[in-house]
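Take a look at the structure set out below.
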Amino acid sequence: MIKYLCPRNEGAGKWRKRCMYYLAGIRSIKIYKIIFIILIAIGPFMSLQFIFILADIVNGCMAIPNLIGLIGLRKEVIAETEEYFKEENTCSIEELSI
């Protein structure tokens, strides 16, 4: 298990730092590292219920940009879906509507 988790966590950390650099610049990486270390240090002392609530909030926040993207690309999604069903000749998009 440790053989699996250690390289995975290192790779994920690299990409998290890269995202911070992209979003806020080079100075944000140091701030991110400090916050990350603080959260690791206080994590064992938090209640499990609070950790799950925090995880739900963060996952919900990650869904918001995806929903905005889907709304912005709805015409392209509809066009691609209609093209797919024309090629398949199995059913139309109107048949799938509820």
Side-chain angles (χ1 to χ4, degrees):
M1 185 87 141
I2 292 174
K3 280 181 149 182
Y4 170 74
L5 291 177
C6 288
R8 185 175 187 273
N9 196 24
E10 290 172 14
K14 174 188 172 192
W15 288 112
R16 286 189 294 257
K17 287 186 276 187
R18 188 72 177 153
C19 288
M20 286 302 297
Y21 172 73
Y22 175 76
L23 291 173
I26 193 76
R27 300 178 98 200
S28 66
I29 294 175
K30 187 173 185 176
I31 296 168
Y32 167 77
K33 287 180 181 180
I34 292 169
I35 292 171
F36 189 78
I37 290 170
I38 290 170
L39 289 175
I40 287 176
I42 65 172
F45 303 105
M46 293 180 181
S47 71
L48 189 59
Q49 183 179 6
F50 176 75
I51 292 171
F52 279 119
I53 290 171
L54 185 62
D56 289 340
I57 291 170
V58 172
N59 283 329
C61 290
M62 288 191 307
I64 292 170
N66 291 325
L67 293 173
I68 292 170
L70 283 173
I71 291 169
L73 294 171
R74 68 183 179 278
K75 292 178 183 176
E76 288 81 2
V77 170
I78 292 170
E80 290 291 326
T81 305
E82 288 175 349
E83 182 179 330
Y84 172 78
F85 282 115
K86 284 180 187 175
E87 292 174 4
E88 286 292 316
N89 292 328
T90 56
C91 63
S92 66
I93 196 165
E94 288 83 21
E95 292 174 12
L96 296 176
S97 299
I98 297 176

Exercise for the section: Count the heavy atoms belonging to other residues, nucleotides or ligands that lie under 6.0 Å from CD of Gln49, then report whether that count exceeds 12. Expected result: no
Exercise for the section: Report the hydrophobic cluster partners of Phe45, with the cluster defined as I, L, V, M, F, W, Y residues connected by side-chain heavy atoms closer than 4.5 angstrom, directly or transitively. Expected result: none
Handout entry: Nonpolar side-chain network containing Ile37, other nodes, edges under 4.5 Å
Key = none
Handout entry: Transitive ILVMFWY side-chain link Leu23 to Tyr32, under 4.5 Å
Key = no
Handout entry: In one Ile/Leu/Val/Met/Phe/Trp/Tyr side-chain cluster, 4.5 Å: Ile57, Ile64
Key = no
Say you draw a straight line from [atom1] of [X] to [atom2] of [Y]; how long is it, rounded to the nearest 0.5 Å?
X	Y	atom1	atom2	answer
Leu39	Met46	CG	CE	6.0 Å
Leu48	Ile53	CG	CD1	10.0 Å
Leu54	Ile51	CG	CD1	8.0 Å

Completion exercise
Scanning both residues in full, the closest heavy-atom pair of Ser28 with Gly25 reads OG-O, 2.6 Å
